[in-house]
Protein chains: 2
Amino acid sequence: MSDVIALHPHPGKNRGVTADLALDQINKQIIEHLQRDGRMSYATLAKEIGLSEAAVRQRVQRLLDGGLMQIVAVTDPLTLGFARQAMVGLKVNGDLRQIADELAAVPEVDYVVICAGGFDLLVELVCTDDEHLLDLLNEKVRPIKGVTSCETFMYLKLAKQTYAWGTR
Amino acid sequence: MSDVIALHPHPGKNRGVTADLALDQINKQIIEHLQRDGRMSYATLAKEIGLSEAAVRQRVQRLLDGGLMQIVAVTDPLTLGFARQAMVGLKVNGDLRQIADELAAVPEVDYVVICAGGFDLLVELVCTDDEHLLDLLNEKVRPIKGVTSCETFMYLKLAKQTYAWGTR
DNA sequence: CTGACTCCTGCGTTTATCGCAGAGTTGATC
DNA sequence: GATCAACTCTGCGATAAACGCAGGAGTCAG
């Protein structure tokens, strides 16, 4: 496959910087493989990359512990009984970060991004039905202080959903 | 945690329906656990759910093979060197599904959803930089036949990203 | 009742994971 | 330039998990 790059990527390079978690070429390779199959064994991962099994295990563990990567099961919410999903575009006044955090605290909110353009915030909601969606919008989203406008885009069909962007 | 429900969910119930992949309570429990930790061992998963290890392994394999669930590593693209992410809201004329498929074929597009509201399609782009984003919009998105309007929301900060909605 | 089907269990074999001690490098300090 | 601490890798034995398969039990159609 692709060439293995530096077997010894400057050991001891990242001292001082405590929890820095360098994303060297090896870690990127690890992530790329796990983006395709999150359950790949450390052993085969090690063979593919050209490192010992223990070293790969160590690196994966560090990536997970550091919150830089997580390995999870993903599904189409529609197949799990969440009949109603929606993206909400918000315009707000005040502290963007704080409002984003408030929204992030809502369990039914699975995605919050601060952005530039016609909306200040984009928020994805996962609901069981229309009633649930209405409740959320009415009780949890619109009442947030600083929210001046709220436009809802109800999902009709999820056409693509990928997590393997690779790395650069 | 939650009570274990029916140990024997009507064996042999889903005959006839060839590749149906029933989402019974057990499968939902499996998904819920793997949404939290995709690398959980079949053994502990089996103990938590109250089935044999082999049965759980069989079910997980079927969920994966059937494309109903995938276990992958997820990361914040920004930490992986993708400095520029954006959501694009499109208004289109013509066949929504076909246009959605065309967009889905673009590698840099990781999310396409057909929706109701001010936009017909929401598309998420993962780019290395502004140049890349400009290229994409100019060469791959706007030229698509039927696209009448295109509004871009550049990501400034990802505030939340979850894949564990649980199940209903 | 019989047969086909599905799903589960139990168990032996193979494979992977875990934990730890030791070697090699690097950068800072003296 | 020698020493030391910090980091990462390797190798290996003990433990644990995954795999494959044969057998049992339930369900449904004829």
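In what follows, chains carry the letters A, B, and so on, assigned in the order in which the sequence lines appear, proteins first and then strands, with residues in each chain numbered from 1.
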Distance-minimising heavy-atom pair for A:Leu64 and A:Gln70: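 Smallest heavy-atom distance, with atoms named: CD2-CA, 3.8 Å.
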
Nearest heavy-atom neighbours spanning B:Val106 and A:Lys160: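 So the minimum-distance heavy-atom pair works out to O-NZ, 3.2 Å.
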
For [X] and [N], what is the distance between atoms [atom1] and [atom2] respectively, to the nearest whole Å?
X       : N      : atom1 : atom2 : value
A:Asp37 : D:dA18 : CG    : P     : 13 Å
B:Leu51 : C:dT6  : CG    : C1'   : 14 Å
A:Leu45 : D:dC9  : CG    : P     : 13 Å
B:Ile49 : C:dC8  : CD1   : C1'   : 14 Å
B:Asp24 : D:dT27 : CG    : P     : 15 Å

Plane angle bin for B:Phe153 and A:Phe119 - parallel if under 30°, tilted between 30 and 60°, otherwise perpendicular: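 Rings of A:Phe119 and B:Phe153: parallel, under 30°.
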
Inter-end axis angle, the helix from C:dC1-D:dG30 to C:dC30-D:dG1, with every axis fitted to five base pairs (rounded, 10 degrees):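 It works out to 30° between the end axes.
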
Do [X] and [Y] come close enough that some side-chain heavy atom pair is under 4.5 Å?
X       : Y        : result
A:Val88 : A:Leu137 : yes
A:Gln35 : A:Tyr163 : no
B:Leu96 : A:Leu156 : no

Backbone of A:Gly38 reached by a side-chain donor or acceptor of B:Arg39 within 3.5 Å: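 Confirmed, B:Arg39 side chain pairs with A:Gly38 backbone.
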
Sugar-phosphate or base contact per nucleotide [nucleotides 15-22 of chain C; S, B, -; heavy atom under 4.0 Å]: -SSBB---

same_hphob_cluster(B:Tyr111, B:Val74) at 4.5 Å side-chain heavy-atom cutoff: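 Each belongs to a different hydrophobic cluster.
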
